[in-house]
Every structure is written in structure tokens, then in C-alpha cells.
Amino acid sequence: MSCYNLKKRVVFVVLSLLFSSLGYAQLSDLHYLPPLKQGANNAGIREQAFYLSTPETTPFTVNVFRGTNATAIATFTVSNASPVVYTLPNGDNNITLVQNNLTGVVLNNSGLRFESPNGENFYVNFRGSSNSQSASLTSKGRSAMGRNFKWGGVPNLGSENSKSNTLGIMATEDDTTIDLFGYDPGCEFRVGNNRAGITADTYQITLDANESFVFETYIGTAPTQAHEDGWIGASIVSDKDIVISNGSMNFGRQVGSGNRDAGIDQPVPENRLGREYVFVRGRGNANGWTEFPLLIGIANNTQIFINGSATPIATINNGEYFQVPSTNYSSNTVGANMYIRTSNDVYAYQCLAGSTAAYTQGLNFVAPINCLLPDTMDNIPEIRDAAGTTITGGLTVIASSTTPNANIIVTDDNGTATLPAPNAVAGNADWKTFYIPNLTGDVSVSSTGPIAVGFFGFNGARGLAGYYSGFDTTPDVNLEITGSLCLPGASLRVVDETFDAYQWYYEGNLIPGATSETYDPTSAGNYYVQVTKGPCSYDSNTLATYYCDPDIKLDKVVDLPVVNNDDLVTFTITVESLGLNQVTNLVISDNLPPGLEFISASVSSGSFSYPNWNIGTTNSGDIETMTLVARATLNSIYSTTETHTNTVTNSQDQIDNNTSTDNPSVDVQVNLVPPTTLITNRRITIRVNKN
């Protein structure tokens, strides 16, 4: 961990239900749209348009700037009654979508910036279509600006010469240094016509204000696992504010198939994420290929809980992802929902389909739920238009369960739509969901309570999805480490704001009695505080604390603690660095005892030559794993059962303070299989040859 994380401040926008107006999701006076890359021109996106809308009734000016140009390339007048559709040249126009020669290089004439000179707020939604694909991306406005991101999307399966994954980055200030790291070492990124022009395990770029850079991992007809999902969860870290867009154009969801569609969206930085999410299902088939949430961790040991269960379905670390099975939706029908809670903040994406066909999928970046979500979405212009293609679909609404249904008003060009009965959310009685199909024209939703709104649709093989919800509606919860900045002696505290109540958590678990604005941790790990103000409770971001002295935590587990003679067993060794500073020349040794014969090993980093795993240098918070396979045998021909103990040890340049408790040993019981059990129910034939 670099030194800037020693004193980590988590800053949000201060909002109060009683004394200030609510902020609106994606509603901003400034929007950045970085360029992206598709695998082949017109294969993912051909026709394309931007949809500008606003709740403002008084018309105002919006200027559009391309790249670093100081002169606007277009100017529009926007009002609530007069949304704007701004069309662009088709395909790889080098504005929104770049050609090969502009991929993997610094760009000063690509990407767009939408700005209202007098500060009025508006929405920007990009939609594009081709013969068989469609996509939607909603700008997050100023909420998209930040310094720490994860590359997001869903695994891109199957093969076809237009399949690829993309990341677009746009700087907001001069001399901005950006690092990309944490992706699979097998990932290759395009530079011009060379699909593998960048092969390094980390990559750094420097951009000036409004310059951009586009990464592409190309799938094509020869997919590799690294290019299918090795880019998901990669870190994008900058020293000044940037904006990113990401996803895949095109992406497929069937192994061995050329099925595909386009799926892109614009995420927010890590400090604007949350821990509670509600997802509303699209029209995808019950096979689960196209209907699922995907979560990306930004902190180690992040537990994922589904529909109120007290048992986590999975635990992920920083940069890892988990694809939540679609069987966790409340049903296999359109409009079903799923509630997810996590122990640390996560990125939340949703793959959903416009129809039951496996090639009509779309991608949404989903906002966390909280009681300060806006109560109005006014409006989504031309909901059935995807850059000239008419789509059929519907609207999803997540609403507070305390809001009477009669107070949730959905209107389109035909007037007020009939609201169906709501779907309850299992595991969280505070929310309910709706699916309203067959809307047309400009669509608005108003309520007397918080809401989140999405839409999706299809036309033939084309599918797309969009999401309007809040990322700027969490309160200001500033955390900092005081004292020695490490353990022992460090203290965590909330600064600058006073709340009605506090509750601290360690590794996602409530700390009994920790109910003040300060907390003195005793163990290294992840902490956050839940604060209450008025009728609402909110979580701060997670803050990691480490020991002042080096501390290497070892943990070993075995898949089969009881086996028969000659069986294979698999040991998993996890190594975590919990000290503040780097540890160098870290070597993990696993000398197997007699009765356990080494077969093979795989490691997450470093190199292995039995019995030593050479990790090298680790930073605070790093977690590495090794799986080791051994054959279990009896040492004595006279034994019918034996127990072998396997112990792992560590060495490094520094002294391991061993503050945290290690679990370096596991036992394996080996049993002799009685010969009679080997021939039960078998026929033995003896053939005698006579000469």
C-alpha cells in the first residue's frame, strides 16, 4: 500500500432530508463521455445518438466539446418539455468509438464533454445500434469523477471476430498520471493494429485535461480465459480526477457460441459505492446465461449475502468478482427481484436481456439503495428509440415500501400508466419493485419517497439496458486514522460531521459497544462505521488498518481430511501481509511429511520449486494463495490407518512479529482400504492354457 493510503479520507456530499434539497442521480451540469473501442467497425454500434433531458422547465444552453477543443462542436437548448436527440456519424467515428490506429495511444480529439455554462443540471444517455446489436450508457455527471476505479463488465464467452472488451479513460486536469494494474498477466491490450501491443503486467499513462486513452482486450476467434474475464476488477488509479467508461463490444454469454450483443456503462469511483443493492430481472431465459448480477470487490474478505440470508454465498477479495447465480431471483419471470448485501463496498453490475434470446443482453451499472435516493426521474426521452431503431421493453422501478402505490406516478406520451402490483423484496422489507411494460415517448416517474429507475428493451437480436439512479446521495462520513497511523496506537474517528448515532464494524461484523465517533482498533483488518442521521442510516467506506511491525498471516486448509491409501489431497495455503510496510524476499516452504508425496502446485504470484514458494515482495493487505496436490499413502505396510501432519512455514528479510494467529498445519488421516472391498460384486475369471 502506498503512503497516500495511510491517512485515508472518505468524502461524500452532505445531504439532509430536513434542511436541504435532494441531489439527483446522473443529473449534473457537466458530463464526460470517454471514447470506447469495438472489435470491428459497425459490428457492435453503427447508428448512435445522445439523449439530453432535464427536469428544468426553463430552457437553457448545453455546449458539446470534442476532445481538447476549446470551441463547442454543437450547442443545444434543453428543457423538460424539449429534450434533445444529438446524432453522431456512424460506427468508428473516432469521437465515441475509435479505430484501431487510435487505440492504445493518447488522444486529444476524441471523447465528448457536455456542459451547461450557467450550471443547470441535465441527463446524458448514449444509445447505439447496428444490424443485430444495441447498447445504452448513462453518464453519471460529476459523480463519475474520481481517482480509484475498477474495470467492470461481465465475462465475455464464446468466440466471434467482433468480440472485445474495452476501457475508455478521460482526464479532467493537466498532467494526470494513471496506472492500470491488477489484471490477469495473460491480458494483452491493443496498440494500433497489434492486438497484443501492450503485454506488461502494469501500464502507466499521462494525460492532460480532456485527453483520453482507450484500452481493448480482443477476443476474436481465439479466446483465452485472460481475455474472457482477466480484465474484470483491474485497478485504475490516478493522481487527479478522471472519468472512465467500460464494458464489452461485443460480448457473448455462451461458451462455444458466436452469440453476442453490446454492453457498456459508466461507473463511479470507489468512494461512491455501497453495500446494499436491489436488482430487477429482465426477460432473459431461465438458463441464467444473461440474467445475473456481478459484484467486484474493493476490499479483502468481502462477504456477499443474498435475499437476507445470514450465510454468505461467497467471499471475495480486492479486485476479485463473483457472478451471482440467476436462481437467486425471486422467480424466472420478468420483473422478479434480488436483494444483495455485502460486508464491504462493491461495484455492482447487472447483465440482463431484452428478450428470452441469449443474444439480446444489456449491461447496467447499478447504484446502491438508500433512503436519500431521489423521488423523481424526469425524464427518459424517447424510451423506445435506440438511435433510430424501435425497441420493445419496459421500465423498472425500485421504491420505498413505505410509499403508497398511489403516490408512485409513471407517465409517458399516452398519459399516466397503470401501475401493477409491486413485488416484495426478500430479505429487505424497506423496498418493493415494479415492472411497467410497453411505455412510449418521454417517460417520467415521480414519487413521495426514494426511487431508482431502469429501462431495457429489444428489437430482434438487439438488446439494451439503461439505469437512472443515485450515486451522489450518501452523506458526508469522513474517516481518518490518528495517533501512530498503525497498530498498536492507531485510532479511527469520524471528522467534520456530527451524527445522531454510530456503530463500528470489523470485517463486516458488528463490534459490540463500539458506538462513538471514535474507535481504537486492536486487530489489523477492514473497519467501517454506520451512522444515523434523522430517519436514515448510512455506511462509510471501508478503512484498512495494519500493524506497525511486519506480520505474515498463514492459513492452510485441506479438501479431504480423511482419505484412503493412494488418494490425492489438495492443500490451499493463504498468505496475507498485515504489516504497514513492504515485506521482501518472502518465501513459503511446504515440506511434506512422509506419507504425503508431492504431485503439483499452482500459485497466484511468484514462482514455485518444491518445496519453496517464492512470493518476493508483498505490500500491506496483499493476499496470495497456493494450491498444492499430494498423494496420501501409508508409511507402514502393517498400518491400517495413519495421520500425517502438513505444516507450512515462512521466511523473509524482516522479522515476522506474528501478531495475528496463524493456522499453518492440517492433519490428513489415511486409511487402508480392505482388499475385500476392492473385489465386491466383481467376477474373477481364471483362464488356464494347456500345452
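Source: prediction; values computed, not measured.
Contact of the Phe305 side chain with the Gln303 side chain is registered, since non-hydrogen atoms from C-beta on lie closer than 4.5 Å. Using a 4.5 Å heavy-atom cutoff, the side chains of Glu517 and Arg493 are not in contact. Counting only heavy atoms from C-beta outward, the side chains of Ile242 and Phe149 approach each other to under 4.5 Å. Counting only heavy atoms from C-beta outward, the side chains of Pro267 and Ile244 approach each other to under 4.5 Å. Annotation: side chain of Asn148 is not in contact with side chain of Ser235 (no heavy-atom distance under 4.5 Å). Inter-residue side-chain proximity for Tyr321 and Tyr347 is flagged as unmet; no heavy-atom pair is nearer than 4.5 Å. The shortest distance between side-chain heavy atoms of Leu167 and Ile236 falls below 4.5 Å. The side-chain heavy atoms of Leu578 and Thr659, taken from C-beta on, include no pair separated by under 4.5 Å.
For Asp590, the salt bridge (charged side-chain N to carboxylate O under 4.0 Å, His left out) criterion is met by Lys556, not counting sequence neighbours. Qualifying salt bridge (charged side-chain N to carboxylate O under 4.0 Å, His left out) partners for Arg113, counting only residues two or more places apart in sequence or in other chains: Glu115. With sequence neighbours left out, the disulfide (SG to SG under 2.5 Å) criterion links Cys187 to no other residue. With sequence neighbours left out, Asp549 forms a salt bridge (charged side-chain N to carboxylate O under 4.0 Å, His left out) with no residue at all. When the salt bridge (charged side-chain N to carboxylate O under 4.0 Å, His left out) test is applied to Arg275, the partners found at least two apart in sequence or on another chain are Asp345, Asp539.
Asn585 and Asp653 form a side-chain donor-acceptor contact under 3.5 Å, judged by distance and modelled atom types alone. Side-chain atoms of Asn619 and Gln582 include a donor-acceptor pair closer than 3.5 Å. Checked by atom type, the side-chain pair Ser537/Gln530 shows no donor-acceptor distance below 3.5 Å. Between the side chains of Gln26 and Ser139, no donor-acceptor pair of N or O atoms lies under 3.5 Å. In this structure, a donor-acceptor pair under 3.5 Å is present between the side chains of Asn344 and Thr302. A donor-acceptor contact closer than 3.5 angstrom is absent between the side chains of Asp622 and Ser577. Defined by atom type and a distance below 3.5 Å, a donor-acceptor pair is missing between the side-chain atoms of Asn301 and Asn526. In this structure, a donor-acceptor pair under 3.5 Å is present between the side chains of Ser589 and Asn612. Using modelled atom types and a 3.5 Å distance limit, the side chains of Lys150 and Asn246 yield no donor-acceptor pair.
When every heavy atom of Ile296 is checked against every heavy atom of Gly152, the shortest pair comes out as CD1-CA, 3.8 Å. When every heavy atom of Val531 is checked against every heavy atom of Tyr502, the shortest pair comes out as CG1-CD2, 3.7 Å. Taking every heavy atom of both residues into account, Tyr519 and Pro521 meet most closely at O-CD, 3.2 Å. The shortest heavy-atom contact between Phe279 and Ala348 is CZ-CB, 3.9 Å. In this structure, Ser491 and Thr518 approach most closely via the heavy-atom pair OG-CB, 4.5 Å. Closest non-hydrogen pair, Ser238 versus Ile178, comes out as CB-CG1, 3.8 Å.
Residues Asp29 and Arg142 are paired through a salt bridge, judged by an N-O separation under 4.0 Å between the basic side chain and the carboxylate. Salt bridge Asp208/Lys240: absent, no basic N to carboxylate O contact under 4.0 Å. Looking at Asp241 and Arg147, a side-chain N of the basic residue comes within less than 4.0 Å of a carboxylate O on the acidic one, giving a salt bridge.
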* Kindly indicate, with the supporting measurements, whether the criterion side chain to side chain donor-acceptor pair (under 3.5 Å) is fulfilled by Asn300 and Asn318. => CA-CA 5 Å; Asn300 293 335; Asn318 180 32; 5.3 Å; no

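Here disulfide (SG to SG under 2.5 Å) pairs that include residues 483-517, with residues two or more places apart or in two chains, are Cys486-Cys548.
Heavy-atom neighbours of Lys553 NZ from other residues, nucleotides or ligands within 6.0 Å: at or below the threshold of 12.
Close placement of the Tyr183 and Phe189 rings is indicated, their centers lying within 6.0 Å of each other.
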